[in-house]
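Below is one structure, written out as structure tokens; the observations come after it.
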Amino acid sequence: MENPVLAGRSAEDVGNGAVIEVRDLQMRYGSVDVLRRVEFEARRGEVLALLGPNGAGKTTTIEILEGFRMRSAGEVRVLGVDPARGDEAWRARIGVVLQSWRDHGKWRVGELLDNLGRYYSPYSTPGCKRPYQAEELVEMVGLEEHAGKKISNLSGGQRRRLDVAIGIVGRPELLFLDEPTAGFDPHARREFHDLVHRLSDLEDTTILLTTHDLDEAEKLADRILILAGGSIIADGSADALSRRMSTNAEVRWTRDGQRFVHAPADATRFVREELFGQYGEDISDLEVRRATLEDAYMALVQQFESGQRGSAAREFEEVVR
Amino acid sequence: MNPTVVAVRAGVRRGGIELRQTFTNFQDLWNYIFLPGLFLIVMYFLRGKSVPGTDFSLSAMTIPSVVGMQIVFAGLVMVAAVLIMEREDGTLLRAKATPHGMLGYLVGKIVQISGMSLVSVVTILVPGALLFGGLELANPGAWLTLLWVLLLGLLATMPIGAVLGSLFSSPTSLGFVFVPIMGLIAISGIFYPITVFPVWLQWIGQVFPIYWTGLGMRSAFLPESLASVEIGGSWRHLETVGVLGIWAAVGLVLAPVVLRRMARRESGSTVDARREKAMQRAGW
């Protein structure tokens, strides 16, 4: 009898600890290049956010990594295996949460978690017991009171948490989350963020999530990848990215009852020498605001959506790198 | 334990759960009752008629025929419909994301649909026998025949139903399956002996499984003398096994290929696109 666990394991150790490796990934639909040259890596235990405007190719990228879509060209390794050739043992080590699921409406929450968990039991190892028990799972995602509920009767947020529970039922080493908090209220969003932290801290799960919400990416991710114009145009921690972005700050002040705005190259010098040096006491309501990553990102998205795809991405690239 | 065995077991359990669900919601219960009820009422009003050339009740003859028809209906239409629906709501994609999940899903569907068709067999056979009499329910051989015709009938139709469900992508296109089946029912000797039809029409009827499952069920529950109104004056068990066997073989060769091709194409965005189409259809 084949040993599914070993078959899946040995492949992982070939790579240099990278859980995801993507080199020169290209995707073309007809004559449209959706992905031109996507390159990135994810290391074990890392939380990666793939950020980008709608239509940038986030879902396409994640579907290629999940093995649900064939790529046009490029090298892809997920847990050391080409997803296009991933077998069932490989599949058992991966969790998938897609954008919207309406399946199994007649099932009860606990019942479905139990049934789907069964498929993972042969892939259990001494160090990693698979699957999670249904009771444990509903607690992790905060659905304890709804374990006996029919799935079609769950609210949108509860349904989404169930999807996450199903995604992690096999205790995956790598979890894909596609727009996980779309439609969440602030409370549900916060609880979800706690869950993601718990998974990455306690379980050492590698997580790749897509989002178009920069705030969420900043809160959740160790590293942010910005996908635009068909390639990754920025790759770094939220901190590193915003530091590199903060070249021009905006200075606002009031003088003689009039409001002024200026964006000097060196804001500190401008305030000291130009403003206080010249006007001194006349200056009031002074505000100096650094351009945040969000500002830069919003500008990018705006340019992107007004049709200057290529040039917007290049400009952004120059600024960030 | 071997992952394949685990998946088959999980699938059996899954089928059991989904079968149980059909007893606890109104829509499914209604589906169980509506058609058999309608049929029994119509047959009740026609109870005075007898099979041409005999004094046996026509209503009693149609009971086993309809049981045979139900099997094909479950195997073809129900399987195709379920596959289309569950592709649309993402159930299949979920199975695809689970190790050996597709195997479990298929096993589950086979258990569920077989169970459902067994229920519909009972809902017709029992009230029908009580209402009209003349059926040989006490004969153990009858139940043995029911069993093999049921199994062979499902085996002949479910793979074909799965192929149809994979080829069509929206519930509306299911009409392409439904209408021809209605036509086939009319010429397959379900409600009237096939021997009254022109020979060329009899030949068409004999190509498809409905005629044979109906014939098989009649052979199980009708008195031996009723074989005289069938083609060749016989229940033709050998031919029944032959024709249903060919359908099963063709289906079992085709279904894995078509199912695999369909499953390969499933992804989050295909499910989303289909859902959007469905919403437009519903006018949301």
Side-chain angles (χ1 to χ4, degrees), chain A residues 1-5 7-8 29 59-60 62-64 66-70 84 86-108 111-112 114-124 130-131 150-152 163 166-167 169-170 172 176 178-179 210, chain B residues 1-29 82 85-105 107-108 112 263-276 278-279:
Chain A
M1 196 171 73
E2 58 162 343
N3 187 328
V5 179
Y29 295 114
T59 297
T60 301
I62 215 168
E63 283 185 350
I64 290 170
E66 286 161 351
F68 288 166
R69 193 173 281 278
M70 296 294 141
D87 59 359
E88 303 294 330
W90 173 79
R91 173 79 46 220
R93 299 162 61 201
I94 288 173
V96 172
V97 179
L98 297 183
Q99 285 198 17
S100 50
W101 251 324
R102 298 166 304 141
D103 58 319
H104 293 96
K106 290 176 184 171
W107 287 62
R108 294 180 193 286
E111 206 173 48
L112 183 60
D114 172 76
N115 191 260
L116 290 175
R118 285 168 189 271
Y119 293 88
Y120 293 89
S121 64
Y123 303 98
S124 209
R130 294 184 161 109
K150 238 164 103 174
I151 292 173
S152 57
D163 284 337
I166 296 173
V169 66
F176 293 106
D178 200 359
E179 302 280 349
T210 69
Chain B
M1 203 192 304
N2 186 313
T4 315
V5 177
V6 170
V8 169
R9 284 192 190 162
V12 170
R13 190 176 276 263
R14 166 185 201 84
I17 291 171
E18 296 203 313
L19 181 62
R20 199 193 63 219
Q21 284 162 359
T22 64
F23 301 121
T24 55
N25 81 82
F26 179 77
Q27 184 63 47
D28 284 318
L29 283 176
V82 162
M85 264 157 34
E86 300 200 330
R87 212 146 32 113
E88 195 167 286
D89 70 15
T91 307
L92 253 93
L93 191 56
R94 183 81 78 193
K96 203 178 150 181
T98 311
H100 291 290
M102 274 299 189
L103 174 65
Y105 173 81
V107 169
Q112 180 199 353
R264 212 172 26 234
R265 291 180 174 183
E266 287 304 298
S267 70
S269 23
T270 52
V271 171
D272 278 351
R274 232 179 275 124
R275 193 196 49 223
E276 237 150 70
M279 280 175 155

Approximate separation, where rounding is to 0.5 Å, of [X] [atom1] and [Y] [atom2]:
{"X": "A/Arg102", "Y": "B/Glu88", "atom1": "CZ", "atom2": "CD", "result": "6.0 Å"}
{"X": "A/Arg69", "Y": "B/Glu266", "atom1": "CZ", "atom2": "CD", "result": "11.0 Å"}
{"X": "A/Ile64", "Y": "B/Ser267", "atom1": "CD1", "atom2": "OG", "result": "10.5 Å"}
{"X": "A/Glu88", "Y": "B/Leu103", "atom1": "CD", "atom2": "CG", "result": "9.0 Å"}

Give, as side chain, backbone, both or neither, the part of [X] having an atom under 4.5 angstrom from any heavy atom of chain A.
{"X": "B/Leu93", "answer": "both"}
{"X": "B/Glu86", "answer": "neither"}
{"X": "B/Arg87", "answer": "neither"}

Closest approach of [X] to [Y] (non-hydrogen atoms, all atoms of both residues):
{"X": "B/Arg94", "Y": "A/Asp103", "value": "NE-OD2, 2.9 Å"}
{"X": "A/Tyr119", "Y": "B/Pro99", "value": "CD2-O, 3.4 Å"}
{"X": "A/Val96", "Y": "B/Ala97", "value": "CB-CB, 4.4 Å"}

Heaviest contributor of heavy-atom pairs below 4.5 Å to chain A, chosen from B/Thr24, B/Val5, B/Asn25, B/Thr91, is B/Thr91
Excluding sequence neighbours, so at least two apart, what forms ring pair (Phe, Tyr, Trp, His ring centres under 6.0 Å) with B/Phe23? B/Tyr32
B/Arg14 (side chain) donor-acceptor with A/Leu116 (main chain) under 3.5 angstrom: no
Check for a donor-acceptor pair, side chain of B/Asp89 on one end and backbone N or O of A/His104 on the other, with a separation under 3.5 Å.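 No, the answer is negative, given that no donor and acceptor are paired below the 3.5 Å cut-off.
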If you count heavy-atom pairs under 4.5 Å with chain B, which of A/Ile166, A/Asp178, A/Thr59 comes out on top?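 Highest number of heavy-atom pairs under 4.5 Å: A/Ile166.
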Of the options A/Arg108, A/Lys106, A/Glu111, which is the one that meets B/Ile17 in a side-chain contact (heavy atoms from CB on, under 4.5 Å)? A/Glu111
